Structures are given as structure tokens and as C-alpha cells.
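Input: a single structure, listed below in C-alpha cells.
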Amino acid sequence: METKILINKHLTPKQLERLSALGSESNPVLFTLVGNINAEGEYSDSAIAFTASELIVVGMEKEGEETRIRYADIETIFAKRMYGNALIRAKLRGESKTKNLYRYTLGIAALCDAAIRFVRGVMEGGDAESLRETVALAYEKQLSVCPKCGRTLSAPGVKCINCESKRKIISRLAVYMKPDLWNIVLSVVISIATTTLMLVPPYLTKTLVDVVLKDVGGVFSEDSKKMLLSIVIWLTVFQIARHVLGMWRAYVMRKCSTGIVKRLRDDVYKHAQYLPMSFYDKTSTGSVINRISGDSSTLQAFMLHITQDAVVEFFRMIGIVAIMLIMSPRLALYSLLPVPLVVIVSRVFSKKIAPYYRRIWRRWATVSSALTDTIPGIRVIKSFTNEKNAIDGFETKNREWYNTNLAAGKILSIYPSFVQLLMGFGSVIIWMLGGYAVLGGDSEITAGLLVSFISYATMFYEPVRFFATMSDSFQNALSSAERIFDILDAEPEADFGKGNVPAKPFEGKIEFKNVSFSFDRTKRVLKNINVTIEPGDIVGIVGTTGSGKSTLVSLISRLYDVTDGQVLVGGRDVREYDLEALRNQVSVVLQKNVLFSGTILENLRWGDQNA
């Protein structure tokens with residue numbers, strides 16, 4: 001079987017062909033490290049390839065530029081770290097001086113360390129193919145970290161959600177909004193109506209001050225009194241209509257957001273059911289539960305926040321700006337002065353707070369994991385009188401969450417107050433400059449206009465403040481969306497034989513042929529197992545704790561897939577069967593009893609509802 005070359009960087013087909021050609025059919029290239037500096041420290045693509053018997057240093061920009069060194073000729077090999085870069089160095093047999101083999105940046109230091117361990121292992125007589133598995137794990141870890149932001153990825157090579165366009169993340173969530181599209185449209189229409197009703201009262205106030213309440217020697221005409229009553233009635237009608245429409249919109253949007261989150265939660269849970277056991281080996285149960293329950297609830301709260309408030313605030317901001325420009329372009333310009341500062345502060349805040357939300361979630365996930373581990377295992381804890389250790393462990397994790405949350409709280413406390421301070425300066429500027437204009441007899445700005453404008457400015461600063469502080473909840477929701485998409489983007493169990501359902505029940509013959517298995521490819525739990533179990537045989541598998549007894553049995557129903565070899569049932573490889581059909585033919589009694597919520601009968605029928 002042809003061995004796939006491990007490479008840490010995307011290369012062109014021509015470059016790949018050149019690297020493959022460095023090896024031979026009997027001694028192929030097993031893995032390659034591609035860097036971006038040459039031996040002189042200049043920026044230039046370079047590579048070092050490793051076979052089972054030699055390493056080859058290659059200059060990627062010049063044909064024929066390569067150096068080959070056999071492992072048998074190496075006495076010692078090691079890495080030397082320097083400022084900003086490092087070297088793979090070796091002392092060759094028969095030479096007195098140490099030789100520089102390959103210069104690399106620290107971004108691939110972990111891979112170079114794994115490569116050095118590989119060479120040392122081969123020099124000590126180790127099997128190159130087995131040692132390559134350890135190198136492959138290092139590659140997987142390297143490719144599971146975003147090179148731009150350093151965030152751990154859900155799988156090697158997938159796109160980093162954190163660095164992905166926020167528009168793309170929102171578009172992915174928009175798929176779940178589609179069934180409620182008409183309700184969302186209705187909400188937008190209601191929002192426009194409520195915004196319009198909200199913008200009328202300040203204009204009526206201007207009329208009230210400049211026309212109705214204008215002092216004419218302390219005498220007010222009957223027409224003024226009638227106009228006052230009329231304005232008061234209209235203000236009352238507008239207030240009632242706005243709040244009635246607001247209640248209707250709130251119900252419609254709660255219905256939408258709840259439906260959106262329900263569909264999202266259903267999808268996440270469904271996908272989680274089909275993820276392989278290897279996913280749950282790396283991800284704690286508490287973390288998965290927290291994503292399905294906690295993170296989806298965070299998204300629901302954010303969607304309610306957005307759909308109920310953001311739409312209204314957006315239309316209100318646009319409407320207020322339009323009215324202010326019509327009423328007085330000069331005062332409108334004064335009121336907009338703090339906005340650029342708010343935008344700058346908001347961007348700085350978003351960058352500062354985003355990492356904290358991920359840290360808070362990770363700390364809370366460890367708290368949840370402690371709960372899911374200790375509460376179900378309370379019988380064991382009490383049996384070993386280990387309550388104090390359990391409490392200490394939980395308090396330590398909870399303290400870490402507390403400290404991280406407190407660190408984020410410092411930023412969260414300062415930011416809103418600072419934004420409000422900037423908004424307050426805007427009102428002061430309008431009062432000062434507008435007041436001087438009124439006192440100076442400016443015909444453009446009257447007392448009624450100034451009072452009305454202050455009302456509009458105060459209303460304008462509310463949506464500005466809303467969108468400025470929304471980055472807090474947006475970053476929190478974005479962090480939750482990332483974790484949910486981590487589950488949705490994870491590869492489900494491979495069902496190689498989907499649809500290949502056996503025509504009759506299995507005869508029961510089970511064969512293990514040269515079976516080897518490793519959880520992480522660094523240490524083999526099972527190695528070259530050969531067992532044949534005939535139908536009707538009763539076989540006991542005996543061994544010490546951790547020797548792989550349960551793992552061996554798990555390979556039959558493909559809870560895990562073999563690393564090497566084959567598991568056959570009825571003369572066929574278990575990977576050739578439909579996964580559901582295979583597991584339906586295997587009865588399992590677990591080491592640890594698990595009771596689901598429900599009656600004893602429901603638990604007995606868990607595997608077959610018709611039993």
C-alpha cells in the first residue's frame with residue numbers, strides 16, 4: 001500500500017511531485033517539513049524530507065539543490081534554538097565539527113522536534129513505519145491549530161471559525177431562520193411602525209414650546225389651550241400604540257428566536273449522536289452538554305436581543321439622523337462628534353474581550369466536567385471517603401472560572417461607562433453651542449428647536465450606545481457559535497458499508513487478523529492480535545487493567561476502527577457492513593451499568609422498543 005507523504009503546508013502539484021521523487025519505490029519519502037527560510041536565514045522556501053533510511057534537505061526554488069545524509073552516518077542529531085529561528089544540527093561519523101542541516105522558523109519547531117525523535121528512533125533500531133505514526137500525531141496537532149490566531153481547531157486543516165468572516169458565521173445561522181422568514185418580515189414591519197411612532201413626540205414638543213406655550217404677556221388664547229389638549233391626546237395615542245405594537249413584536253420575535261434555537265439544538269444533538277468515540281475521548285462530556293444546553297441558550301438570548309432591539313434601534317437611528325439633519329444640520333453635526341470615538345473604542349474593546357469569553361467558557365467547561373464526573377459517581381466518592389478531595393478539586397476549578405470571569409469583568413465594567421461618558425459630552429456640546437445660538441438671537445435655532453433637538457439627540461445616543469455595547473454580547477454569542485459549529489463540523493463515524501445490510505443474522509464467527517490499535521498513534525494498545533472465535537464458543541479475555549480487553553471487544557461493533565489489520569464477522573470485514581445493521585447484531589453488557597431516565601421497562605427496551 002502506498003504511504004501518503006505527511007506535509008505541513010499546501011504545495012503545488014509540481015512541488016509535490018518533486019518531493020515524492022526524492023524517494024524511491026523501496027525507500028519512499030515518509031514525511032516532509034516545509035519552511036520559509038534558507039540556510040542563510042533569508043526568506044526562501046526550503047524543505048527537509050525523511051525516508052526510512054535518510055534525510056534530504058531541498059531548496060524549493062532551485063532544481064537539483066539537495067543534500068542527502070544517511071541516518072547510519074549520523075552520530076548525534078539535535079535542535080539548537082536561537083532568536084526567531086532554530087537549526088537542526090548533526091555530528092556525522094568521522095567528522096570533528098557539528099554540521100547545520102536545516103534552518104527553520106519557530107512556527108514548525110514542534111514538527112522538527114518530532115522529526116529529530118524519529119531519526120533517533122531509527123538510529124536505535126526502531127521500526128520507521130511505527131515511528132512515523134508518532135510524527136503523524138505531531139502533524140495532526142500542528143494542523144489542528146490556526147496559524148493566524150493560535151486557536152485549537154475541531155479537526156486538522158478545517159477553517160478557523162474565529163478567523164472566518166463573521167458574515168459567513170451569521171449566514172450559517174441564517175439557515176435556521178428560514179422557516180420563520182415571514183414572522184421576521186412581520187417583525188421588521190412592526191419595528192418600522194414603532195420607530196415612526198417613537199419619533200413623532202419630540203417634534204410635537206417643539207410645537208408645544210414654540211407655538212402653544214409661547215409667552216405672550218402671560219395670556220394664552222383659547223386656540224392655544226385647544227392645541228395643547230390636542231397635542232396631549234396625540235402624545236397619549238402614540239404612546240399606547242407604540243407599546244401595544246412593541247408587545248406584539250416581542251411575542252413574534254420570541255417565537256422566532258425560540259424556533260431557531262430549537263432547530264439548532266436538534267441538529268447539534270443529532271450530530272453528536274453520530275460522532276465517533278474518538279471525539280468523546282478528546283472532548284469531555286461536560287463540554288458537550290454545555291455546548292448543547294448552555295451555548296444554544298446564549299445564542300437564543302443574543303437572537304432575542306438582536307431581533308427585539310437591534311432592528312428597532314437601527315431604524316430609530318436612521319430616522320433620528322434624517323430628522324435632525326432636516327431640523328438643523330449644524331446641531332446634527334455637533335451631536336455626531338462623539339460617534340467616531342465610540343466606534344474606535346468599540347473596536348478596541350471587541351479585540352480585548354473576545355479571548356476572555358473563550359477562556360471563561362473553557363473554565364466553565366471544566367467545572368461542568370467536574371460535576372458530570374463526581375455527581376453520578378457519588379457512591380464511589382463516599383465509599384472511599386473522598387468527599388474532601390472532590391470538594392477541593394471542584395473549588396479549584398470554580399476558583400479558576402471566578403478569576404477569569406473577574407478579569408473580564410474589569411473590562412466589561414469600564415467600557416459601558418466610558419461610552420456613556422462620550423455620549424454625555426455630545427449632549428453638553430449641543431446645550432452649550434445651541435444655547436449660545438438661542439441667546440444670541442439666531443433665527444435658525446429657537447428654544448423649542450433646541451429642546452426638541454436635545455430629545456432627539458438623547459434618543460440618537462441610545463442606539464449608538466446599544467450598538468457600541470452590543471459587541472460584548474456579540475463576542476459572547478460568537479464564541480458560543482464557534483463551539484456549536486465545532487460539533488457540527490466534526491466528522492461523523494465513517495459508515496463505509498452504508499446500505500450493505502446482511503440478508504440473514506450473523507453466524508457468529510469472529511476473527512481478528514493481525515489487529516493493532518492505538519488511540520493516539522503514539523502507543524499501541526493492541527499489537528498483532530490473531531484470534532478466531534467459532535460460533536457457539538464462550539471465550540473469556542483475561543488481562544491486567546488497561547491491557548486492552550474492552551478495546552478488543554469494542555472493535556467488533558466498530559466503536560473504534562483498527563489501526564492495522566482486520567476484524568471479520570461471518571467472514572467479512574466489519575467495515576463492509578452497514579454500521580447500524582452491524583451493531584444491531586451485537587449484544588453488549590457494559591462494565592459500568594447506565595440507567596437512563598424512565599422506567600425499568602423502558603431501560604430494558606432501550607436497544608429494541610418492540611422487545
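Please read all numbers here as calculations on a predicted model, not as lab measurements.
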Q. Is it true that the NZ or CZ of R572 lies under 6.0 Å from the centre of Y577's six-membered ring and within 45 degrees of the ring axis?
A. yes
Q | CD-CZ distance between E54 and R68, expressed to the nearest 0.5 angstrom | A | 5.0 Å
Q. N386 and N389: side-chain hydrogen bond (donor to acceptor under 3.5 Å, both in side chains), yes or no, with the steps?
A. CA-CA 5 Å; N386 208 26; N389 286 337; 2.6 Å; yes
Q | Heavy-atom side-chain proximity of T67 to I56 below 4.5 angstrom | A | no
Q: Compare every heavy atom of G35 with every heavy atom of I108, then report the nearest pair and how far apart it is.
A: CD1-CA, 4.2 Å
Q. Taking D578 for the side chain and E580 for the main chain, is one N or O donor matched with an acceptor at less than 3.5 Å?
A. yes
**Q.** Exam field: side chain R89 to backbone K99, donor-acceptor pair closer than 3.5 Å
**A.** no
Q. Is there side-chain contact between V567 and D573, with at least one heavy-atom pair below 4.5 Å?
A. no
Q. About how many Å separate OG of S518 and NZ of K527, when rounded to the nearest 0.5 Å?
A. 11.5 Å
**Q.** Validation row: L582, R558 side chains within 4.5 angstrom (heavy atoms)
**A.** yes
Q | Candidate list K509, E576, K513, test side chain to side chain contact (heavy atoms under 4.5 Å, CB included), partner L568, passing option | A | K513
Q.
Go through it in stages, so that I can follow the logic: the residues are L552 and L526, the test is side-chain contact (heavy atoms from CB on, under 4.5 Å), and I'd like the CA-CA distance, side-chain angles, deciding distance and then a yes or no.
A. CA-CA 8 Å; L552 186 69; L526 303 172; 3.9 Å; yes
Q.
For R583 versus S557, what's the shortest heavy-atom pair and its separation?
A. NE-O, 2.9 Å
Q: List the steps, then state whether side-chain contact (heavy atoms from CB on, under 4.5 Å) holds for C112 with L33.
A: CA-CA 8 Å; C112 290; L33 299 173; 3.6 Å; yes
Q) Do other residues, nucleotides or ligands put more than 12 heavy atoms under 6.0 Å from Y560 OH? A) yes
**Q.** From I487 atom CD1 to Y269 atom OH, the distance as rounded to the nearest 0.5 Å
**A.** 12.0 Å
Q | Residue pair V531 / E511, side-chain heavy-atom distance below 4.5 Å | A | no
Q.
Tell me the closest heavy-atom pair linking A47 and L19, and the distance in Å.
A. CB-CD2, 4.2 Å
**Q.** Shortest non-hydrogen contact from L30 toward R132
**A.** O-NE, 3.3 Å
Q: Search all heavy atoms of N27 against all heavy atoms of S53 and return the closest pair with its distance.
A: ND2-OG, 2.9 Å
Q | Intermediate values then yes/no, salt bridge (charged side-chain N to carboxylate O under 4.0 Å, His left out), D266 and K270 | A | CA-CA 6 Å; D266 286 344; K270 179 181 176 182; over 6 Å; no
Q) Nearest heavy-atom pair of I74 and R93: which atoms, and what distance? A) O-NH2, 3.4 Å
Q: Using a cut-off of 6.0 Å, state whether more than 12 heavy atoms not belonging to E17 lie near its atom CD.
A: no
Q. Do the side chain of K14 and the main chain of R18 share a donor and acceptor less than 3.5 angstrom apart?
A. no
Q: Find out whether R120 and F78 are in side-chain contact, i.e. whether some heavy atom of one side chain is under 4.5 Å from a heavy atom of the other.
A: yes
Q. Angle class for the F50/F31 ring planes (parallel below 30°, perpendicular above 60°, tilted otherwise)?
A. parallel
Q) Is E66 close to V57 at the side-chain level, that is, under 4.5 Å between some pair of heavy atoms? A) no
(Q) Quick check: do S516 and N528 have side-chain heavy atoms less than 4.5 Å from each other? (A) yes
Q) Would you say the side-chain atoms of N403 pair up with the backbone N or O of E400, donor to acceptor, closer than 3.5 Å? A) no
Q.
Distance check, rounded to the nearest 0.5 Å: E395 atom CD versus K388 atom NZ?
A. 8.5 Å
Q.
Return the CG to CD1 distance between L101 and I116, rounded to the nearest 0.5 Å.
A. 9.0 Å
Q) Is atom NZ of K549 surrounded by more than 12 heavy atoms (other residues, nucleotides or ligands) closer than 6.0 Å? A) yes
Q. Can N530 and N514 be counted as having a side-chain donor-acceptor contact under 3.5 angstrom?
A. yes
Q.
Apply side-chain contact (heavy atoms from CB on, under 4.5 Å) to residues L55 and Y102 and explain how you reach the verdict.
A. CA-CA 11 Å; L55 60 85; Y102 184 69; over 6 Å; no
Q: Go through the steps to decide whether D561 and R575 satisfy the test side-chain contact (heavy atoms from CB on, under 4.5 Å), and finish with yes or no.
A: CA-CA 8 Å; D561 279 329; R575 287 170 291 193; 4.0 Å; yes
Q) Could you state the interatomic distance from OG1 (T551) to CD1 (I541), rounded to the nearest 0.5 Å? A) 10.5 Å
Q) Hey, does L488 have a side-chain heavy atom less than 4.5 Å from the side chain of L264? A) yes
